[in-house]
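Note sheet for the following structure.
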Amino acid sequence: MNDSSNTDHALPSHFIRHMIEHDLASGKHGGRVQTRFPPEPNGFLHIGHAKSICLNFGLAEQYHGACNMRFDDTNPEKESQEFIDAIKADVKWLGFKWHGEVRYTSAYFQQLFDFALQLVRAGKAYVCSLTPEQAREYRGSLTEPGRNSPDRERSSEENLELFLRMQKGEFADGQYSLRAKIDMSSPNINMRDPIIYRIRNVVHHQTGDYWKVYPMYDYAHCISDALEHVTHSLCTLEFEDHRPLYDWLLHNLSVDSLRNACLELGNLQEDARYVLPEQTEFARLNINYNVMSKRKLKELVELGLVGGWDDPRMPTLSGLRRRGFTPASIRRFCEIIGMSRSESIVDIGMLEHCIREDLDENSARAMCVLRPLKVTLINFTDEQAQTLHLPRHPKKDIGERQINFGRTLYIDQTDFEQTPPPGYKRLSPGEEVRLRGAYVIKCEEVICDSEGKVVELLCSLDPSTLGQNPQGRKVKGVIHWVPAEGALRAEVRIYDRLFNNSNPDDKLLGDFKNSLNADSLQILTDCLVEPSLESAVAEESFQFEREGYFCVDRYDSRPNALVFNRTVSLRDSWTKTNT
RNA sequence: UGGGGUGUCGCCAAGUUGGUAAGGCAUCAGAUUUUGAUUCUGACAUGCGUUGGUUCGAGUCCAGCCACCCCAGCCA
């Protein structure tokens with residue numbers, strides 16, 4: 001794991017930090033900062049979640065508070081242990097440590113149920129027999145108010161009995177629901193007697209078959225926050241309209257009972273002040289040329305359009321990890337994109353900048369020839385072969401690597417041009433170029449096969465140019481190479497953006513899969529890397545000079561059959577101006 | 001056409017109580033360079049969705065428009 005960025009960057013301010021500083025100054029939450037990261041375990045985490053993770057954990061770190069890791073597992077049908085394990089691994093990999101044990105909303109099911117009983121007894125919740133279709137019809141529309149359920153005035157005794165029977169498993173899924181009694185004519189649809197419990201006769205991955213009723217998100221989330229004594233409940237913009245319900249539920253439950261439950265769970269000191277949590281929303285992350293919805297990512301996986309959740313082209317954390325992105329680069333990215341309430345689409349170039357910044361500073365250099373072209377040095381014999389010592393990094397002292405230099409070697413096919421374009425600084429007939437870390441050579445003869453394809457170059461070497469510039473002339477270019485003797489065969493996977501369109505979510509484009517880039521993966525199997533890479537370990541990152549940053553694939557690479565993933569290319573002002 | 005939001009440089013994004021538009025990414029130009037990389041230097045919004053108003057002075061206050069996003073799951 002590459003996590004060594006010691007570059008200091010001041011933390012930019014944003015509205016949430018302002019709010020917290022204000023709260024701290026006013027003593028609103030008793031000077032505490034308690035956040036939480038509450039994913040539903042129904043898929044893998046993606047870079048959008050990283051924004052939330054960095055926010056919640058980062059805030060806790062910065063203000064000496066704590067951040068809980070909580071699985072919001074109220075919908076057993078879509079969730080699984082596999083996702084729980086993957087999510088935990090991703091958060092740890094990002095470098096964050098949650099406060100205490102991992103929490104589960106399902107661990108609060110009993111308390112949640114008891115609070116529901118409290119609402120029922122208080123006449124603030126009722127059991128409704130409307131079918132899902134009827135409920136939708138009764139709810140009204142965006143412009144029309146809803147109508148009261150015929151069960152709205154049922155006595156609390158009867159509601160109590162029915163709700164208890166719901167949990168006993170006496171009814172079928174959908175036969176009854178528990179609803180908060182608020183206002184069917186509210187302009188905010190979330191307040192039109194929202195359903196807070198539904199019947200599901202299924203097995204839950206954490207609680208087994210004990211529960212027959214499951215709480216809805218709106219009901220469970222605010223109470224879970226209160227039970228964990230969360231101060232700042234941060235979520236994305238689409239939950240803005242849910243905030244009145246979040247507050248309604250907490251304010252219609254007895255604070256003492258919330259406090260006591262919090263106390264019993266060990267989340268509150270005996271004599272401490274108890275303050276209810278407050279929700280604040282921020283804009284979710286969008287990145288161009290990417291889709292960021294779990295539903296769509298899941299679809300790509302299930303349709304086999306990518307290799308899995310951790311396919312290196314995916315914006316998932318496990319995909320980015322496999323691609324070679326470092327935790328530090330992702331955290332840095334989440335910092336520089338800022339935090340606001342306006343929906344925006346961040347340029348993928350920002351993410352690329354972050355990983356280049358990290359890897360430029362922290363990765364060792366090596367040479368890799370992607371498309372080998374044989375070069376024979378006509379005035380150099382194998383008896384003259386020598387070992388060269390090259391620094392592993394141009395600026396930081398992290399040791400050196402050895403490369404043998406002999407009569408035959410390989411350069412990249414793209415570094416030779418029979419008829420070079422103006423400004424070309426690489427090898428061409430009759431011209432000189434420097435072999436990186438070695439000598440200046442001159443192309444004397446080009447050997448082609450019967451089809452005219454260049455198969456070998458015969459070059460002469462200037463023996464006076466090792467470690468010094470030739471006299472009386474300037475050699476414009478430097479190219480990388482690999483010795484024939486000792487070079488390692490490697491497979492290199494080159495990734496391009498998964499989508500051709502900058503906004504695959506654009507509804508005018510139809511299905512997002514229409515924008516899929518058919519050439520997003522290119523596999524090169526005949527690459528040659530320098531001998532020093534023999535000791536490369538899984539996930540280790542390198543800069544292959546003049547090519548880009550690559551990492552050892554954590555699953556497919558073997559010592560004798562190396563596999564590298566290209567994380568990102570180097571910035572390139574040459575091909576950019578020549579296309 | 002109900003409710004809730006958002007509109008500052010190509011992309012993000014700062015702009016405390018109104019005082020004369022931070023920063024990053026990208027881009028362009030130049031210097032250094034045995035990576036056409038890195039690094040360094042310089043350029044890059046008389047303008048803050050729009051129209052009016054208040055004011056000596058408005059991105060910041062007021063009013064009206066316009067555009068876009070979210071909400072009618074017993075999903076989260």
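In what follows, chains carry the letters A, B, and so on, assigned in the order in which the sequence lines appear, proteins first and then strands, with residues in each chain numbered from 1.
With A:S363 as the fixed residue, the side-chain contact (heavy atoms from CB on, under 4.5 Å) test singles out one of A:F542, A:F544, A:Y549: A:Y549.
Across the P atoms, B:C11 and B:U54 are found 34 Å apart, a figure rounded to whole Å. Nucleotides B:U20 and B:A29, compared at atom C1', are 30 Å apart to the nearest Å. Comparing B:C61 with B:G15, their P atoms sit 14 Å apart, to the nearest whole Å. Between B:G24 and B:G18, the two P atoms lie 29 Å apart (nearest whole Å). Comparing the C1' positions of B:G23 and B:U8 gives an interatomic distance of 14 Å, to the nearest angstrom. Spacing of C1' atoms, B:A76 relative to B:C68, comes out at 24 Å, to the nearest Å. For the C1' atom pair drawn from B:A45 and B:A31, the interatomic distance equals 28 Å after rounding to whole Å. Of the C1' atoms belonging to B:A22 and B:C75, the separation is 42 Å, rounded to the nearest Å.
Ring to ring, A:Y214 and A:Y197 are not that close: their centroids are 6.0 angstrom or more apart. Two rings, from A:F405 and A:Y439, have their centers less than 6.0 Å apart. Between A:H242 and A:F239, the gap from one ring centroid to the other is short of 6.0 Å. A centroid separation of 6.0 Å or more is found between the aromatic rings of A:F83 and A:F71.
For A:R436, counting side-chain heavy atoms from C-beta on, the closest listed nucleotide (B:C74, B:G36, B:U35) is B:U35. Here B:C71 is the nucleotide among B:A37, B:C71, B:G15 with the atom lying nearest to any side-chain atom of A:N190. For A:S13, the side-chain atoms get nearest to B:G15 when compared with the rest of B:G15, B:A26, B:C74. When distances are taken from the side chain of A:S344 to each of B:C74, B:C70, B:C12, the shortest belongs to B:C12. The listed nucleotides are B:C12, B:A76, B:A14; the one nearest the side chain of A:I345 is B:C12. The side chain of A:S342 has B:U6 as its nearest neighbour among B:U35, B:A72, B:U6. Proximity note for A:R200 (side chain, C-beta onward) versus B:C74, B:U38, B:C71: the nearest is B:C74. Here B:G4 is the nucleotide among B:A76, B:G4, B:C12 with the atom lying nearest to any side-chain atom of A:E240. The nucleotide whose nearest atom lies closest to any side-chain atom of A:L570 is, among B:A72, B:A37, B:G15, B:A37. Closest contact between the side chain of A:P187 and the listed nucleotides B:C75, B:G2, B:A72 involves B:G2.
Judged by Watson-Crick or G-U wobble contacts below 3.5 Å, the nucleotide B:A67 has B:U6 as its partner. Applying the Watson-Crick and G-U wobble criteria (two distances, each under 3.5 Å), B:G19 pairs with B:C56. Nucleotide B:A29 is matched to B:U41 when pairs are restricted to Watson-Crick or G-U wobble geometry with both distances under 3.5 angstrom.
Within the 4.0 Å cut-off from OP1 or OP2 of B:G15, at least one side-chain nitrogen or oxygen of A:H18 is found. For A:R295 and B:C75, the shortest distance from a side-chain N or O to OP1 or OP2 is not below 4.0 Å.
Between A:E137 and A:R147, at least one side-chain nitrogen of the basic residue sits less than 4.0 Å from a carboxylate oxygen of the acidic one, meeting the salt-bridge criterion. Electrostatic pairing of A:R546 and A:D412 does not count as a salt bridge here, judged by no charged N lying under 4.0 Å from a carboxylate O. For A:R341 and A:E281, the salt-bridge test passes: some basic side-chain N is under 4.0 Å from an acidic carboxylate O. A salt bridge links A:R200 with A:E77: at least one charged nitrogen is closer than 4.0 Å to a carboxylate oxygen. Between A:D218 and A:R243, none of the side-chain N atoms (NZ, or NE/NH1/NH2) sits under 4.0 Å from a carboxylate O, so this pair counts as no salt bridge.
A donor-acceptor contact under 3.5 Å links the side chain of A:K395 to the base of B:U38. With hydrogens and angles ignored, a donor-acceptor pair under 3.5 angstrom links the side chain of A:D241 to the base of B:G3. Scanning atom types as modelled, no donor and acceptor separated by under 3.5 angstrom connect the side chain of A:R136 and the base of B:G73. With hydrogens and angles ignored, no donor-acceptor pair closer than 3.5 Å exists between the side chain of A:R546 and the base of B:U35. With hydrogens and angles ignored, a donor-acceptor pair closer than 3.5 Å exists between the side chain of A:Q543 and the base of B:U35. The base of B:U35 lies close enough to the side chain of A:R365 for a donor and an acceptor atom to sit less than 3.5 Å apart.
One atom, CG of A:L245, and another, C1' of B:A72, lie 15 Å apart when rounded to the nearest Å. Between A:E77 atom CD and B:A76 atom C1' there is a gap of 13 Å when expressed in whole angstrom units. Per the geometry, OH belonging to A:Y289 stands 15 Å off P belonging to B:A26, to the nearest Å. The separation between A:E352 atom CD and B:U27 atom C1' is 15 Å, rounded to whole Å. Rounded to whole Å, atom P of B:U35 lies 13 Å from atom CG of A:L435. For A:E281 and B:G5, the CD to C1' distance is 9 Å, given to the nearest whole Å. When the P atom of B:G36 is taken as reference, atom CZ of A:R356 falls 15 Å away, rounded to whole Å. Remark: C1' of B:U8 and CD of A:E343 are 16 Å apart, rounded to the nearest angstrom.
Taking the nucleotide of RNA chain B with the nearest heavy atom to each of A:E238 and A:E547, the more 5' of the two is matched to A:E547. Residues A:I336 and A:Y176 each lie close to RNA chain B; by heavy-atom proximity, the contact nearer the 5' end of the strand is made by A:I336.
Residue A:T74 is classed as a sugar-phosphate contact, given heavy-atom separations below 4.0 Å to backbone atoms only. Heavy atoms of A:G437 sit under 4.0 angstrom from at least one base atom. Note on A:H480: nothing from the nucleic acid sits closer than 4.0 angstrom, heavy atoms only. Across all strands, A:P38 comes closer than 4.0 Å to no nucleic acid atom at all (heavy-atom distances). Nucleic acid contact class of A:Y549 (heavy atoms, under 4.0 Å, all strands): none. Within the nucleic acid shown, A:R426 comes within 4.0 Å of at least one base atom, counting heavy atoms only. A:R341 comes within 4.0 angstrom of sugar-phosphate atoms only, judged by non-hydrogen atoms across all strands, and of no base. No engagement by A:G146 is indicated, since no non-hydrogen atom pair under 4.0 Å with the nucleic acid exists. Across all strands shown, A:Y197 has no heavy atoms under 4.0 Å from either base or sugar-phosphate atoms. A:G467 comes within 4.0 angstrom of a base, heavy atoms only. Using a 4.0 Å heavy-atom criterion, one finds that A:T465 contacts the bases of the nucleic acid, with or without backbone contacts as well. Backbone-only engagement by A:I337 is indicated by non-hydrogen atom pairs under 4.0 Å involving sugar-phosphate atoms exclusively.
Stacking between A:Y217 and B:A76 is absent: the ring centroid is not both under 5.5 Å from the six-membered base ring centre and under 30° in plane angle.
Glycosidic conformation of B:G73 is syn; the angle stays within 90° of 0.
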